[in-house]
There are 2 protein chains.
Amino acid sequence: MATLPQEIPEDGVELGVLADLAGYHLRRASGAFAADFVRALDGTGMRQVLFAILSVVAANPDMNQGAVGRALGIQRANMVSLINELVDAALVERRVSPDDRRAFALRLSVAGQAKLDDCIARIHEHEEAMLSDLAAPDRAQLIALLSRIEAKERS
Amino acid sequence: MATLPQEIPEDGVELGVLADLAGYHLRRASGAFAADFVRALDGTGMRQVLFAILSVVAANPDMNQGAVGRALGIQRANMVSLINELVDAALVERRVSPDDRRAFALRLSVAGQAKLDDCIARIHEHEEAMLSDLAAPDRAQLIALLSRIEAKERS
DNA sequence: TATTGTTATACTCTATAACTATA
DNA sequence: TATAGTTATAGAGTATAACAATA
């Protein structure tokens, strides 16, 4: 077990055990990404969760709320107001599913698709800025490593 | 630009653009880690933030609240109740700094060091479980990649 | 019985502005 | 004037339990 040289972040402050914990660095990197994401989408009225929902609905037309939420790790109860926001903003169309009258079939409106496209362009710039220190193979490996961790998720 | 094969998470649900966004995978992987972290520390009364503070205080005795918060990306205002929790639990000792009477010098109590040690043992198991699919070099590179992203953080 | 969407609720985390006391 | 700690507050995210309508 090789001992890593202690990382010294600001003003010679040491992090202690944190410095070698993947969970800590995940939290900080994810936070940095999220903060820049907010800036990237400033003025669009979109947030991380709303964008994620638009993306999944666009890729799976007529999917219902519960399934979208499950794909994104969002509780049913919390999906309600999120979908309401998107419907109120006329970005998502919600119709009673012909297959199951309990469920709603969700689709993007034309405005929703336009909004999604706008956000994607902004997010690509944001990703480029956040990953500018990583070469293409590093970026691919980062996503591969993160995907293997995501698979460890249990209820 | 090579096109990656579409990832199909649950039941053939597609994520759309999300699948290739590092920010999305960071969020999900970080969330999976955090959820397992909660389970790992169940019964200890500790949370992610409290553990992080204990770790930094242990590594920097007599450091003040503001500096600890800055090292961890926690606002001054939010540090107050967190430090109160740790002091009330008798894990951290808070004394007026001899150098600056506005500031508090923070130290771990004996109980605090014991609590930290207990948490570290649990967290090492938790990290081992979450990273079991990654070989040692992969784990090291993951932390290296994440550290480069953290450095992109701007106020 | 199980599932979809819903309501109500609560707790954590995060962010901001304004105050006090010291420097 | 700037900084350390504080208070109050508000918003977002997340979690659970219970209900109605439908499967």
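All of these numbers come straight from a predicted model, not from anything done at the bench. So you know, we letter chains A, B, ... as the sequences are listed, proteins then strands, and number each from 1.
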Grab the [atom1]-[atom2] distance between [X] and [N] for me, whole Å please.
X	N	atom1	atom2	answer
B/I83	D/dT6	CD1	P	9 Å
B/D100	D/dA2	CG	P	17 Å
A/N64	D/dA23	CG	C1'	13 Å
B/R102	D/dA2	CZ	P	13 Å
B/M79	D/dT7	CE	C1'	16 Å
B/F37	C/dT12	CZ	P	15 Å

Would B/L116 and B/I120 satisfy side chain to side chain contact (heavy atoms under 4.5 Å, CB included), going step by step from the backbone distance to the final call?
-> CA-CA 6 Å; B/L116 178 60; B/I120 290 173; 3.9 Å; yes
Have a look at the helix from C/dT1-D/dA23 to C/dA23-D/dT1 and give the angle its two end axes make, five pairs each, rounded to 10 degrees.
-> 10°
Side chain to side chain contact (heavy atoms under 4.5 Å, CB included) partner of A/L106, chosen from A/D62, A/I83, A/N64 |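 Only one of A/D62, A/I83, A/N64 forms a side chain to side chain contact (heavy atoms under 4.5 Å, CB included) with A/L106, namely A/I83.
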Looking at side-chain heavy atoms only, is the closest gap between [X] and [Y] below 4.5 Å?
X	Y	answer
B/L72	A/Y24	yes
B/V68	B/V57	yes
A/D138	A/L131	no
A/L50	A/E85	yes
A/F33	B/K152	no
A/K115	A/L86	no

Under-3.5 Å donor-acceptor pair between B/R101 side chain and C/dT22 base =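 No pair found.
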Distance-only, no hydrogens or angles: does the B/S109 side chain make a donor-acceptor pair with backbone N or O of B/L91 under 3.5 Å?
-> yes
Considering only nitrogen or oxygen atoms on both sides, find all protein atoms under 3.5 Å from nucleotides 11-14 of chain D and state each distance.
unit_1, atom_1, unit_2, atom_2, d
D/dG13, OP2, A/R47, NE, 3.2
D/dG13, OP2, A/R47, NH2, 3.3

For the side chain of [X], starting at C-beta, report the closest nucleotide among [options].
X	options	answer
B/A77	D/dT7, C/dT7, D/dA2	D/dT7
A/Q65	D/dT22, C/dG5, D/dG5	C/dG5
A/V80	C/dT22, C/dT6, D/dA21	C/dT6

May I ask you to evaluate whether A/R70 reaches the phosphate of C/dT4, defined as a side-chain N or O under 4.0 Å from OP1 or OP2?
->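 Yes, A/R70 has a side-chain N/O under 4.0 Å of OP1/OP2 on C/dT4.
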Look at all strands and tell whether B/R76 reaches a base, only sugar-phosphate, or nothing, counting heavy atoms closer than 4.0 Å.
-> base
